[in-house]
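This report refers to the structure that appears directly beneath it.
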Amino acid sequence: MKHRETRLQRCNHCFALVIVIAVATIVAAAQPGPAVRSVDSVAITVSDMDRAIDFYSRVLTFQKISDVEVTGEEVEHLSGVFGVRIRVVRMKLGDESIELDEYLAPRGRPIPVDSRSNDRWFQHIAIIVSDMDKTYAWLRQNKVEHASSAPQLLPNWNKNAGGISAFYFKDPDGHPVEVLHFPPCKGAEKWHRTSDKLFLGIDHTAIVVSDTEASVNFYRDLLGMRVAGESENYGTEQEHLNNVFGARLRITALRAAEGPGIELLEYLAPNDGRPFPADEHANDLVHRQTVLQATSVDAAASQSQAKHIPFVSSGVVANPTPGLGFKKAFVIRDPDGHAIEIEEK
């Protein structure tokens, strides 16, 4: 009898173990995975597409990949702008891309002329170059508008940023652009491969934020990106790079599985940067939009709605234009108002 009870007990234990494993598998499968698998590009609203193409292709050596016009109800619902017709041009540098958007109708507002690097609508793309001196000479030859006073070499006391040289300038519409050169011990391996090209690709896009923790909660905890690095930058080099007296920045680098990074810039000082315009729209030239790729747009939208994230688009919108390269998408805003478009190929 004891032997039979022992076998029965053993069977019951095995059965219970099977149930536990099965339940755990179901629960794990039900947990949402990372909403975002890659950073695809940055969309930039421009006022004159031909001028923008000339600048990005001739001066910065981007290559035009596609050029389409879009209009219609779906585009209105995605962009949040009524009556739109948009010329959309995709341009590539190395492995990375940008998207230039000219709103043929309706036209938006120009970038505020008094914009500063610590205003929270600030966003730039950071282009890696093979030689900073040659890059600066080339940019001077092409009469770019300075945003920094000159290229700055970040000091060696800054463990995470020391030895990096950087320079800010502006495109024809006033959007800031950064060029970066990494020393041998910093940056991705691909930025150190031998190349005869001056401009190599885009390492990241940088955005000004008011609260690093709130932004990390959005990009890491909601979207599934990971924190890849942190530093605190200050001193005369940082001040002259950003052209902000007394600049002291907390910098947090975020990465998805693929694509360039997103860099959070929190100004610890001066903290008088202006908030994102509450009435900003996609056709305003201050508008930049970071485009992320998701495995399931519907799942990402559901997660965003559950967290009460503000939507720009009226939910998930199907794309009627094959030339844009995605099936459906939606647009939301991060805690500071930066526009994020999440697409599904």
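Source: prediction; values computed, not measured. Worth knowing before you read on, the calculation uses all heavy atoms, side chains too, and leaves out hydrogens, waters and symmetry mates.
Residues passing the side chain to side chain contact (heavy atoms under 4.5 Å, CB included) test with Asp133, sequence neighbours excluded: Asp131. Judged as a side chain to side chain contact (heavy atoms under 4.5 Å, CB included), and not counting sequence neighbours, Ala137 has no contacts. With sequence neighbours excluded, the residues that form a side chain to side chain contact (heavy atoms under 4.5 Å, CB included) with His192 are Phe182. Every residue two or more places apart in sequence or in another chain was checked for a side-chain hydrogen bond (donor to acceptor under 3.5 Å, both in side chains) with Gln141, and none qualifies. The side chain to side chain contact (heavy atoms under 4.5 Å, CB included) check on Gln293 picks up Arg37, Ser38, Asp40, Glu343, Lys345, with sequence neighbours excluded.
Salt-bridge annotation for Arg87 and Asp50: present, with a side-chain N of the basic residue lying under 4.0 Å from a carboxylate O of the acidic one. Arg51 has a carboxylate O that lies under 4.0 Å from a charged side-chain N of Asp173, or vice versa, which qualifies the two as a salt bridge. Between Glu280 and Arg333 there is a salt bridge, since at least one side-chain N of the basic residue sits less than 4.0 Å from a carboxylate O of the acidic one. Ion pair Asp272/Arg116 flagged as a salt bridge, since at least one NZ, NE, NH1 or NH2 atom sits closer than 4.0 Å to an Asp/Glu carboxylate oxygen.
Sorted by first and then second residue, the side-chain hydrogen bond (donor to acceptor under 3.5 Å, both in side chains) pairs involving residues 103-115 (not counting sequence neighbours) are Glu102-Arg107, Arg109-Asp279, Arg109-Asp284, Asp114-Arg274, Ser115-Trp121. Evaluation of the ring-ring contact (aromatic ring centres under 6.0 Å, His included) test over residues 307-340, restricted to residues two or more places apart or in two chains, returns Phe276-His338, Phe311-Phe330. For residues 300-317, no residue pair satisfies the salt bridge (Lys or Arg N to Asp or Glu O under 4.0 Å) rule, not counting sequence neighbours. Applying the ring-ring contact (aromatic ring centres under 6.0 Å, His included) test to residues at least two apart or on different chains, the pairs with a partner in residues 35-67 are Tyr56-Phe62.
Thr45 and Asp101 share no side-chain donor-acceptor pair at under 3.5 Å. A side-chain donor from one of Asn242 and Gln238 sits under 3.5 Å from a side-chain acceptor of the other. A side-chain N or O of His77 and one of Ser314 form a donor-acceptor pair less than 3.5 Å apart. Using modelled atom types, one finds no donor on one side chain facing an acceptor on the other under 3.5 Å when comparing Ser41 with Glu99.
Under a 3.5 Å cut-off, the side chain of Lys190 and the backbone N or O of Gly201 do not form any donor-acceptor pair. A donor-acceptor distance shorter than 3.5 angstrom exists from the side chain of Ser296 to the backbone of Ala299, with no hydrogens or angles considered.
Rounding to the nearest 0.5 Å places CD of Gln123 at 11.5 Å from CG of Asp336.
Contact check for Leu104 versus Met49: no side-chain heavy atoms found under the 4.5 Å cut-off.
Taking Ile, Leu, Val, Met, Phe, Trp and Tyr as members and joining any whose side-chain heavy atoms lie under 4.5 Å apart, directly or through other members, the hydrophobic cluster of Tyr234 also contains Trp157. Taking a 4.5 Å side-chain heavy-atom cut-off between Ile, Leu, Val, Met, Phe, Trp and Tyr, the cluster of Leu153 contains only that residue. Other members of the hydrophobic cluster containing Leu241, listed by chain and number, are Phe122, Tyr168, Val208, Val244, Leu249, Ile251, Leu265, Tyr267; membership follows side-chain contacts under 4.5 Å among ILVMFWY residues, whether direct or relayed.
Pro275 and Arg120 get closest at one heavy-atom pair: CB-NH2, 3.3 Å.
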task: Check the pair Glu189 / Arg193 against salt bridge (charged side-chain N to carboxylate O under 4.0 Å, His left out), numbers first and verdict last.
output: CA-CA 7 Å; Glu189 181 274 332; Arg193 296 171 190 162; 3.0 Å; yes
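Ring pair His124/His204 is tilted by interplanar angle, where 30° to 60° counts as tilted.
Annotation for Glu213: atom CD counts as buried by contact number, over 12 foreign heavy atoms lying within 6.0 Å.
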